[in-house]
There are 2 protein chains.
Amino acid sequence: MSKTTNITIKDVAQSAGCGVATASRVLNNSGPASADVRERVERAARELGFSFSAIGRALQSRRSMTVGCLVPSLANPVFAEAVQGVQAVLLGSGYQMLISCSNYDAAADDAAIEMLLAKKTDALVTTMVDPDRSPALRLAKKRGIPISLMFHDPLDGFITSYVDNFEAAKEVARQFAGLGHRRTGFLALRFSTSDRSRNRYAGFHSECRTRGLPDPVLIEIGEAEANQPDLLAAILAQHPALTAIFASNDFLAIAVQKAARLLGWRVPQDLSVVGFDGIEIGRLLEKPLATIETSPEAMGRQAASSLLTMLQGGDTVQLPALPFAFRAGATLALPNPENGDDGRGATRPSPDLPAEPHAQQG
Amino acid sequence: MSKTTNITIKDVAQSAGCGVATASRVLNNSGPASADVRERVERAARELGFSFSAIGRALQSRRSMTVGCLVPSLANPVFAEAVQGVQAVLLGSGYQMLISCSNYDAAADDAAIEMLLAKKTDALVTTMVDPDRSPALRLAKKRGIPISLMFHDPLDGFITSYVDNFEAAKEVARQFAGLGHRRTGFLALRFSTSDRSRNRYAGFHSECRTRGLPDPVLIEIGEAEANQPDLLAAILAQHPALTAIFASNDFLAIAVQKAARLLGWRVPQDLSVVGFDGIEIGRLLEKPLATIETSPEAMGRQAASSLLTMLQGGDTVQLPALPFAFRAGATLALPNPENGDDGRGATRPSPDLPAEPHAQQG
DNA sequence: TTAAGTTGTGGAAACGTTTCCAGTGGCGCT
DNA sequence: AGCGCCACTGGAAACGTTTCCACAACTTAA
């Protein structure tokens with residue numbers, strides 16, 4: 001019967017008939033050792049099934065080899081993919097990932113960071129409701145812990161991996177305008193707790209202004225409306241004049257189509273819909289979804305890479321925004337002239353849309 | 001300037017003018033202390049911004065307050081949701097979650113478990129390629145670490161949270177048979193590394209046999225085919241006689257429809273499609289997806305709950321399988337009599353399907 | 001008044017590592 | 001032979017906690 005209690009390097013040393021210092025040196029290849037003792041230590045370790053305690057190591061070296069990760073939710077594939085990207089980069093580096101979710105709650109955000117700090121994670125990669133206003137995150141920064149944000153626009157003093165939501169939203173406005181849409185709407189879930197949604201709305205709004213179009217209608221909905229098409233349909237019905245809706249994510253864009261169907265509106269003839277994120281499934285739909293294509297996984301990778309270089313002592317600079325691309329689909333078309341009172345007089349643009357990848361400005 | 005180095009309980013004790021033992025007792029409320037010294041310690045801790053080092057604690061208490069979690073991939077929403085469930089349960093318990101992904105690789109699985117063991121996680125919740133054959137997992141079990149599996153059918157000596165894939169697949173076969181389908185196929189990705197897929201196929205196959213139907217055709221595809229509809233279409237074209245396909249997950253079911261469209265086959269008239277998992281989006285599609293509805297999040301919750309009771313010393317028993325339900329949709333219909341050479345002679349069943357929730361047998 | 005508690009306190013050990021340092025012995029020089 | 005150098009070795013300190021134990025100073029009961 002092997003002892004149930006964990007075997008430590010002391011046991012190995014004893015079994016090999018040497019001091020712990022020597023055993024440590026052998027097992028880490030961190031110093032000289034005679035072939036004889038080296039052999040004995042290695043055998044002892046093997047026979048006892050020894051493995052280092054990361055805790056003992058962390059205590060002594062003041063490095064836990066752990067990265068803390070905080071995202072709003074893993075139920076959102078966008079964040080899940082980003083975390084997957086982080087994980088992929090970290091995998092070979094020897095770092096492990098401690099993860100936490102805030103469920104879009106700022107207070108939980110702060111508490112989670114505090115937890116991660118207590119665990120002495122060597123670095124932090126997070127997406128928060130409001131990074132600017134988290135005492136714990138500020139503390140982390142003061143302590144000099146490498147921090148890499150995801151999904152957030154550049155923020156004073158933080159490194160971040162992001163897509164330029166403002167620019168991407170402008171592109172959507174351009175697409176709408178190019179087709180002659182005038183009455184547009186912006187549909188968002190959790191608008192208040194998501195700077196991403198807010199930036200998208202801002203960009204969309206700004207470009208509409210620039211083009212002399214009416215301000216887009218901001219339609220905020222809750223979880224209930226997002227999941228129950230009939231509720232969403234009721235809300236949609238309050239805006240019969242709209243000819244195009246920009247949904248702040250693809251899931252919402254699909255829900256809008258369902259709701260429109262319930263109202264007897266045809267997509268895209270009666271209502272054009274464009275999403276955001278570019279989830280894989282959108283491409284496989286009967287009516288492929290027009291959307292802004294992004295890569296959350298690449299975002300996670302970039303964030304993790306930055307973190308690693310910081311951990312290796314190199315100082316990282318803020319990288320430019322990750323690229324996005326407008327993906328053409330079957331949910332976007334000319335506005336129906338019979339629809340509403342605005343579309344009628346609109347100029348008809350050429351029907352072929354540019355759909356090439358769109359690189360960000362540096 | 002506050003010192004950049006971490007402040008420890010020793011600093012607090014010194015600043016409060018007492019011993020570390022006293023400081024510890026005060027800060028943990030774990031022993032007597034005079035109101036005077038209590039006040040001084042608390043103030044010192046506050047002013048210095050002290051927070052406990054989880055590492056020091058873990059070393060001394062031999063409990064890391066950390067749970068290790070290993071899943072194949074977070075890019076798969078099913079696993080991401082399960083992890084979210086685990087996280088949700090753990091959140092209030094004081095335990096943190098160390099996460100790792102294997103990318104469906106058995107060797108990586110084992111290595112990851114080893115890592116988690118080195119980090120001295122207090123418990124493990126995992127979904128692996130082959131839990132039965134992982135030395136590291138065996139070691140973990142020998143050490144008496146609480147282990148809770150997810151998505152795996154009951155395994156000797158492991159507690160697991162799961163849906164009865166075999167039974168669920170039988171239900172799909174029943175639905176097909178009830179409508180008169182005879183030539184059926186089972187479409188799977190990563191068949192070899194997923195006991196879930198294999199069990200689903202087994203159940204599907206078994207029920208077809210029971211009903212005297214021809215054996216279903218097993219169609220295994222790779223990543224490439226799953227993501228490129230034209231490739232999948234080419235494969236599908238090799239099986240023109242099939243009137244119904246059971247896809248081992250919803251994503252695949254949607255891809256099949258896309259591929260069928262490319263071939264000019266109509267769903268469900270020419271080809272019925274049923275998926276598995278019950279992802280939310282399936283419900284919102286123009287043609288709502290018929291599927292087996294499950295709740296990965298509930299699975300994660302159950303697994304985490306079991307873990308917690310084990311950690312609290314209670315011994316947990318294997319719980320029954322989680323419920324699933326067949327969700328009717330628009331992708332399932334009678335076989336087209338003009339299609340193939342088998343459907344023609346099939347008996348016509350009553351067209352109204354039972355779609356009520358189906359509880360598992362204990 | 002003394003014995004027996006009770007309460008408050010801090011020193012020190014232990015947890016599992018790594019690393020500094022001092023010590024040993026062998027070797028090749030002069 | 002004497003010297004320094006080198007390879008090798010192990011004791012001990014340190015990392016941040018908690019907890020055992022001993023002790024002091026009271027309070028209470030006889």
Side-chain angles (χ1 to χ4, degrees), chain A residues 3-42 44-45 48-66 94 115 117-122 143, chain B residues 3-42 44-45 48-66 94 115 117-122 143:
Chain A
K3 55 196 297 194
T4 174
T5 169
N6 278 325
I7 43 98
T8 76
I9 199 171
K10 211 174 294 183
D11 301 319
V12 173
Q14 189 170 359
S15 161
C18 67
V20 286
T22 305
S24 172
R25 271 188 302 258
V26 169
L27 263 14
N28 290 299
N29 259 319
S30 61
S34 67
D36 174 41
V37 71
R38 168 159 271 135
E39 144 74 12
R40 268 168 21 228
V41 167
E42 263 154 10
L48 269 54
F50 169 79
S51 76
F52 282 109
S53 159
I55 302 213
R57 276 187 157 167
L59 185 59
Q60 129 75 27
S61 68
R62 245 114 41 225
R63 309 178 77 248
S64 65
M65 296 307 281
T66 289
M115 276 285 194
L117 285 185
K119 291 270 184 185
K120 304 290 177 222
T121 55
D122 295 334
R143 289 210 190 142
Chain B
K3 58 198 292 194
T4 172
T5 170
N6 278 325
I7 44 101
T8 77
I9 200 171
K10 210 174 294 183
D11 300 319
V12 173
Q14 189 170 359
S15 161
C18 68
V20 286
T22 305
S24 172
R25 272 189 301 258
V26 169
L27 263 14
N28 290 299
N29 258 320
S30 62
S34 66
D36 173 41
V37 73
R38 170 159 270 135
E39 144 73 12
R40 263 164 27 223
V41 167
E42 263 154 8
L48 269 54
F50 169 79
S51 78
F52 282 109
S53 158
I55 301 212
R57 277 185 155 168
L59 185 60
Q60 125 77 28
S61 68
R62 245 110 43 221
R63 308 178 76 248
S64 65
M65 296 308 281
T66 288
M115 275 287 193
L117 285 185
K119 291 270 184 184
K120 303 290 178 225
T121 56
D122 295 336
R143 289 210 190 142

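In the text below, chain A, chain B and the rest are named by the order of the sequence lines, each starting its count at 1.
- For B:S61 (side chain) and B:R57 (main-chain N/O), a donor-acceptor pair under 3.5 Å exists by modelled atom type.
- Counting only distance, with no hydrogens or angles, the side chain of A:R38 and the backbone of A:V26 share no donor-acceptor pair below 3.5 Å.
- Comparing atom distances between the B:I9 side chain and each of C:dT17, D:dT18, C:dG16 picks out D:dT18 as nearest.
- The CG atom of B:L27 sits 12 Å away from the C1' atom of D:dT17 (whole-angstrom rounding).
- Using a distance-only test at 3.5 Å, with no hydrogens or angles considered, a donor-acceptor pair links the side chain of A:T66 to the main chain of A:S64.
- Across the interface with DNA chain C, nearest-nucleotide mapping of B:Q60 and B:S34 shows B:S34 to be the residue nearer the 5′ end.
- Side-chain proximity of B:A21 to the nucleotides D:dG10, C:dT17, C:dG11 is greatest for C:dG11.
- For the pair A:L59 CG and C:dG16 P, the interatomic distance rounds to 12 Å; values are reported in whole Å.
- Comparing atom distances between the A:T8 side chain and each of C:dG16, D:dT18, C:dT9 picks out C:dG16 as nearest.
- Contact check, B:T22 against C:dG10: a side-chain N or O comes under 4.0 Å of OP1 or OP2.
- Residues A:I55 and B:R62 have side chains not in contact (no heavy-atom distance under 4.5 Å, counting atoms from C-beta outward).
- No hydrogens or angles were tested; on distance alone, nothing pairs the side chain of A:R62 with the base of D:dG16 as donor and acceptor under 3.5 Å.
- Between C:dG16 and A:N6, no contact under 4.0 Å exists linking OP1 or OP2 to a side-chain N or O.
- Using a 4.0 Å heavy-atom distance criterion, B:A33 is classed as a sugar-phosphate-only contact.
- Remark: B:R57 is not in phosphate contact with D:dG16, judged by side-chain N or O atoms under 4.0 Å from OP1 or OP2.
- In the set D:dT18, D:dT19, C:dT9, the nucleotide with an atom closest to the side chain of B:V37 is C:dT9.
- If B:F50 and A:G19 are placed on DNA chain D by their nearest nucleotide, the residue sitting closer to the 5' end is A:G19.
- For A:P32, taking side-chain heavy atoms from C-beta onward, the closest of the listed nucleotides D:dT9, D:dT17, C:dT9 is D:dT9.
- Taking 4.0 angstrom as the limit, A:S24 places a side-chain polar atom (N or O) nearer than this to OP1 or OP2 of C:dT18.
- Rounding to the nearest 0.5 angstrom, the gap separating the OG atom in A:S53 from the CG atom in A:L59 is 9.5 Å.
- Here B:S51 lies in heavy-atom contact (under 4.0 Å) with sugar-phosphate atoms only.
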